[in-house]
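Some notes on the structure that comes next.
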Amino acid sequence: PLGDTSTTRIVISGISFTDNFYHLSAGDSIANPVYNSSKNLSLPVQGSVFDEGNGANSGGCSIKTDNAKINLAQTVRNGVFGDKPVNDIRKDFEIFYRLNDQSDKALNKLKVRLYYYDTMADVPTDLLKTLSDRQKDGVFIESKISAAGLQNPTSINKAAAPRPPCIIIIAN
């Protein structure tokens, strides 16, 4: 009937990283990839290629080419945020990869955003709110399409837009 609304979850296959705080002083220095939007799925590492072309690694982002894990402590040591990192430095990296799965090793890319802060107290309120909102929404993109929207695509409301995952490094 006209006026009915349905909700659909769309999962884009591939890898991503969760929006998260990583506390280097507590030994929390590895960002693990998430495969097909599920922390419970095993990443098909055998035969897969991560950081094809070595773009992220050559820029200082220490990503393992055999399993896509990002070593954040090494990334800081590589000087991505400068010799003496200061608060609120942000760096974006594109990671090109091929998965040995049903995608038949099609070339994919993912942008990740790395942030640096000395302490949690240095993280700005707006970034804390952004991460809180994202953690509430999860990794899914939801669209609500009304029956009228099937004829009028402008009535599609997106709850989340494509965005790079936020990897926030906290030194202390």
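For the numbers below, each heavy atom of this structure counts, side chains included, while hydrogens, waters and symmetry mates do not. This is a predicted model, so every value here is computed, not measured.
Not a single donor-acceptor pair under 3.5 Å links the side chain of N87 to the backbone N or O of D122. Between the side chain of D101 and the backbone N or O of S103, at least one donor-acceptor pair lies under 3.5 Å.
Evaluation of the ring-ring contact (aromatic ring centres under 6.0 Å, His included) test over residues 27-66, restricted to residues two or more places apart or in two chains, returns none. Sorted by first and then second residue, the pairs that involve residues 49-63 and meet salt bridge (charged side-chain N to carboxylate O under 4.0 Å, His left out), not counting sequence neighbours, are E52-R98. The side-chain hydrogen bond (donor to acceptor under 3.5 Å, both in side chains) pairs that include a residue from residues 39-49 number zero, where partners must be two or more places apart or lie in different chains.
Contacts of Y22 classified as ring-ring contact (aromatic ring centres under 6.0 Å, His included), with partners at least two apart in sequence or in another chain: none. Listed by chain and number, the residues in a side chain to side chain donor-acceptor pair (under 3.5 Å) with S16 amount to none (sequence neighbours excluded). Under the side-chain contact (heavy atoms from CB on, under 4.5 Å) criterion, P85 pairs with V76, F81, Y116, sequence neighbours left out. Scanning for salt bridge (Lys or Arg N to Asp or Glu O under 4.0 Å) contacts around K109 gives E94, with sequence neighbours left out. Under the side-chain contact (heavy atoms from CB on, under 4.5 Å) criterion, V80 pairs with T75, K91, F93, sequence neighbours left out. Qualifying salt bridge (Lys or Arg N to Asp or Glu O under 4.0 Å) partners for D118, counting only residues two or more places apart in sequence or in other chains: none. Every residue two or more places apart in sequence or in another chain that forms a salt bridge (Lys or Arg N to Asp or Glu O under 4.0 Å) with K129 is listed here: D133. With sequence neighbours left out, D66 forms a side-chain contact (heavy atoms from CB on, under 4.5 Å) with K64. Among residues two or more places apart in sequence or in another chain, the salt bridge (Lys or Arg N to Asp or Glu O under 4.0 Å) test is passed with R113 by D92.
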Please lay out, stage by stage, how V123 and Y115 fare under the test side chain to side chain contact (heavy atoms under 4.5 Å, CB included). CA-CA 9 Å; V123 178; Y115 294 77; over 6 Å; no

Give the C-alpha distance, both sets of side-chain angles, the deciding distance and a yes or no for side chain to side chain contact (heavy atoms under 4.5 Å, CB included) between I30 and I70. CA-CA 6 Å; I30 303 296; I70 301 175; over 6 Å; no

